[in-house]
Amino acid sequence: MQLVSTRAARLNGYHGIVPEGILSDVTEVAEKLRGLRVIHINATAQGGGVAEILKSLVPLMRDVGLQTEWYAMLPDDSFFSISKTLHHSLQGGSSVPSAADFTCYQAQNEKAVNSLKSMGVTADLWFIHDAQVLPMLAYMNSDIGVWICHVDTTRPNEEVRQMLFPYMTKYKRIIASMPEYFPNGNNPTEVVVIPPAIDPLQPKHRQMTYSQARQIMAGLGMDHDRPIISQVSRFDKWKDPWGVADAYRLAKKEVPGLQLAFVGAMTAKDDFDACEILKNLQGYCRDDSDIHIFSDPQLIGDREVNAFQSGSDVVLQKSIREGFGLTVAEAMWKERPLIGGNCGGIRHQIRDGETGFLVDNPSDCAERIVTLLRNPDVAESMGRAGKESVRGKYLMPRLLRDYLYLASDLVN
Ligand code: UDP
């Protein structure tokens, strides 16, 4: 296991950005938890939504007085390939790990616990994130842990759910991003619904004007005088990049100058199948020089992601499964009009027709793209409504407050 270092964060920095009531709630509950030793564990220190959340949540917990650390698994190819299978199958994928693979997954989790023990790491409360590290609590002999399931488990692969079920029962609580992921009556333990959040103070979300963003995109080869639509995401089948390309092709018949950008820097060490999806997508889009696919982490950093989210004429997140979809909240925070797949956490974030559009297929998506490009006033008012919705519900201090409420409930 590796101890992950994070930048310092201050709760005080959020005054004037999030509702004051949330900040005073945090201060009040944190007072009762001062000195509590809390450890977060996940599979990877970099890449994807969980790492994104922890790099803000961990230093904020520290700032309000909890002794908080974050440990991540050390990269290991065979482990990540198995855990990726589990991750996909919890979202409904058909593959099931072999008995040998499952044994390897258990052994890796046990090894990780031994590594923590050898470092002398202890906690009053463990927050264990996602299926990759779910068995760890069972090897710790601890009875005070919370498992956070960040994926969309509306229709899980039943065989895999059964394999993981005994590990879920070890936890005091499960955190799900949406109520429908663990419907009442069939749960291993009590479920608490806490949707994730974004951090407006991260450099990636620093305010950037439309024209600054267009300049940065131009530097990457986009034509800043023609309309641009984009999807910022890992290359993953549930993000439906092929559906995005299909929607773009249909919309381009009405808007001939249209360009499409896929932005997905390949940084997550556990994303072994992203390379295959990327290769397939490159083949699928080969015939069109107005489709730009960015995957090189040397080219795509926070500044570039910010630029695509702040300067695209329409932002897409056309997923078919999505635990939450931080990218949705991120684009809304930047006041961009957004079209999201009608699934999981996206359905909860977007009020259809008000803070964005929800779509079920590429042709509906194309229709909405054309509507937004032809009606800039509609696009603008959606962008504004989206930002206010994120301010009230999906910014980091709210997530901090909800974790602290849960901690207070468990340790008292
Ligand atoms: N992201 C990024 N660079 C990229 C693509 C994505 O920094 O090239 C970030 C994105 O801004 C978001 C996170 O990765 O913060 C993805 O989280 P989300 O919940 O949308 O999806 P996940 O990858 O967890 O399925």
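Excluded from the calculations below are hydrogen atoms, water molecules and symmetry mates; all remaining heavy atoms, backbone and side chain alike, are included. All ligand and atom numbering here is 1-based and tracks the order in the structure.
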Could you check atom 1 (N) of ligand 1 against the protein and tell me its nearest heavy-atom contact, residue, atom and distance included? K204 NZ, 4.1 Å

Close approach of Q317 to ligand 1, heavy atoms, under 4.0 angstrom: no

Atom NZ of residue position K252 - does it have more than 12 heavy atoms of other residues, nucleotides or ligands inside 6.0 Å? yes

Look at the side chain of Y284 and the backbone N and O of K279, then say whether any donor-acceptor pair between them is shorter than 3.5 Å. no

Just which atoms of ligand 1 are under 4.0 Å from any heavy atom in E330? 10 (C), 11 (O), 12 (C), 15 (O)

Short N or O distance, G49 and ligand 1, threshold 3.5 Å exclusive: yes

Are any of the N/O atoms in R234 less than 3.5 Å from those in ligand 1? yes

Around atom 5 (C) of ligand 1, find the nearest protein heavy atom and jot down its residue, atom name and distance. V232 CG1, 3.7 Å

Answer yes or no for K239: is there a heavy-atom contact with ligand 1 below 4.0 Å? yes

Can you see whether N109 engages Y167 through a side-chain donor-acceptor pair at a distance of less than 3.5 angstrom? no

L358: which of R351, Q349, R347 passes side chain to side chain contact (heavy atoms under 4.5 Å, CB included): R347

Worked verdict on H40 versus E69 for side chain to side chain donor-acceptor pair (under 3.5 Å): CA-CA 6 Å; H40 289 267; E69 279 174 354; over 6 Å; no

At under 4.0 Å between heavy atoms, which part of T327 makes contact with ligand 1: side chain, backbone, both or neither? both

Could an N or O of ligand 1 be found under 3.5 Å from any N or O of S233, whether backbone or side chain? no

Checking D152 against W238: is there a side-chain donor and acceptor pair closer than 3.5 Å? no

Under 3.5 Å between any N/O of L326 and any N/O of ligand 1: does that happen in this structure? yes

Regarding Q162 and E158, do their side chains bring together a donor and an acceptor under 3.5 Å, going by distance alone? yes

Contacting atoms of ligand 1, where contact means under 4.0 angstrom from a heavy atom of G325: 19 (O), 20 (O)

Can you tell whether the side chains of R10 and D63 come within less than 4.0 Å, N to carboxylate O? yes

Enumerate the atoms of ligand 1 whose separation from the nearest heavy atom of G264 is less than 4.0 angstrom. 8 (O)

Any nitrogen or oxygen of A265 lying under 3.5 Å from a nitrogen or oxygen in ligand 1? Just yes or no. yes

Checking side-chain polar atoms at under 3.5 Å, does H88 have a donor or acceptor matched by the opposite partner on N157? no

